[in-house]
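Everything below concerns the one structure shown next.
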Amino acid sequence: AGETPPGAKAEPPAPGAFDLGAQSGRWAAFQERHRLSCEEAARLLLDAEYRGLVKHTGGCHCGAIRFEVWASADLHVFNCNCSICTKKQNRHFIVPASRFKLLQGADNLTTYTFNTHCAQHTFCKTCGVQSFYTPRSNPDGYGIAPHCLDDGTVQTIITEDINGKEWEKAVREHKTIRDMSKP
């Protein structure tokens, strides 16, 4: 089965399909080991943007919100002292929007904004947990709460204090924060 009879022309593969031959077992094992779809595995292997990153999954306390995010296993987390981050103990790392995917719960999210209304503080309507949000410093990305990630993918966390009480000055003087949401 699957062989082309002598003298007959082989049918070209369907669009998007390809024959991996002897490598098909390795491909399937790679997908299973990393819990990846075919598209995710191809992106990881072909796209330099994802080299050195791991897929983290996480969500809120009640489980209504679930997401995945591609980031380093070694996280650079910001500890901000602005009014809302202090009240919520919001520690977060920043990723480009292209590396974040909401898996479930869009209808269970609600948003709080204040002051400039640029930051979108999203949280679960049921349990109140903010597992991610859109930060003012990086409106084209996401701030992810590392304590809302599932166990097993984070190796280290380095925390950097940022003076959110003087937000404009802190962001202006920070060398890299605005670039953290760039792919």
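- Leu149 has its side chain out of reach of Thr57: every pair of non-hydrogen atoms, C-beta onward, lies at least 4.5 Å apart.
- Counting non-hydrogen atoms of other residues, nucleotides and ligands closer than 6.0 Å to CZ of Arg33 gives a total above 12.
- Of the charged side-chain nitrogens involved, none lies within less than 4.0 Å of a carboxylate oxygen, so that Lys125 and Asp107 do not count as a salt-bridged pair.
- The aromatic ring centroids of Phe132 and Phe100 lie less than 6.0 Å from each other.
- Every residue meeting the salt bridge (Lys or Arg N to Asp or Glu O under 4.0 Å) condition with Glu168, not counting sequence neighbours, appears here in chain and number order: Arg136.
- For the pair Ser137/Phe78, no side-chain contact is recorded, criterion being any heavy-atom separation below 4.5 Å from C-beta on.
- Between Val154 and Leu75 there is a side-chain heavy-atom pair separated by less than 4.5 Å.
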Open item on the list: One pair to check against side chain to side chain contact (heavy atoms under 4.5 Å, CB included): Gln31 and Cys38. What are the steps and the verdict?
Closed with: CA-CA 7 Å; Gln31 280 184 266; Cys38 187; 3.8 Å; yes
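- Looking only at distances, a side-chain donor or acceptor of Gln104 sits under 3.5 Å from a matching main-chain atom of Gly63.
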TODO: Would you please test Asn81 and Thr86 for side-chain hydrogen bond (donor to acceptor under 3.5 Å, both in side chains) and show each step?
DONE: CA-CA 5 Å; Asn81 68 351; Thr86 297; 5.8 Å; no
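- Residues Thr134 and Tyr142 form a side-chain contact, since some pair of their non-hydrogen atoms from C-beta on lies under 4.5 Å apart.
- The shortest distance between side-chain heavy atoms of Val77 and Ile158 does not fall below 4.5 Å.
- Under the 3.5 Å distance criterion, with hydrogens and angles disregarded, a donor-acceptor pair is assigned to the side chains of His174 and Glu160.
- Residues Phe93 and His76 place their aromatic rings such that the two centres sit no closer than 6.0 Å.
- Looking at Ile94 and Ile177, their side chains come closer than 4.5 Å, going by heavy atoms from C-beta outward.
- Salt bridge Asp150/Arg66: present, at least one basic N to carboxylate O contact under 4.0 Å.
- Within a 6.0 Å sphere centred on CD of Glu173, heavy atoms belonging to other residues, nucleotides or ligands number more than 12.
- Below 30°, between 30° and 60°, or above 60°: for His92 and Tyr133 the angle between ring planes is above 60°, a perpendicular geometry.
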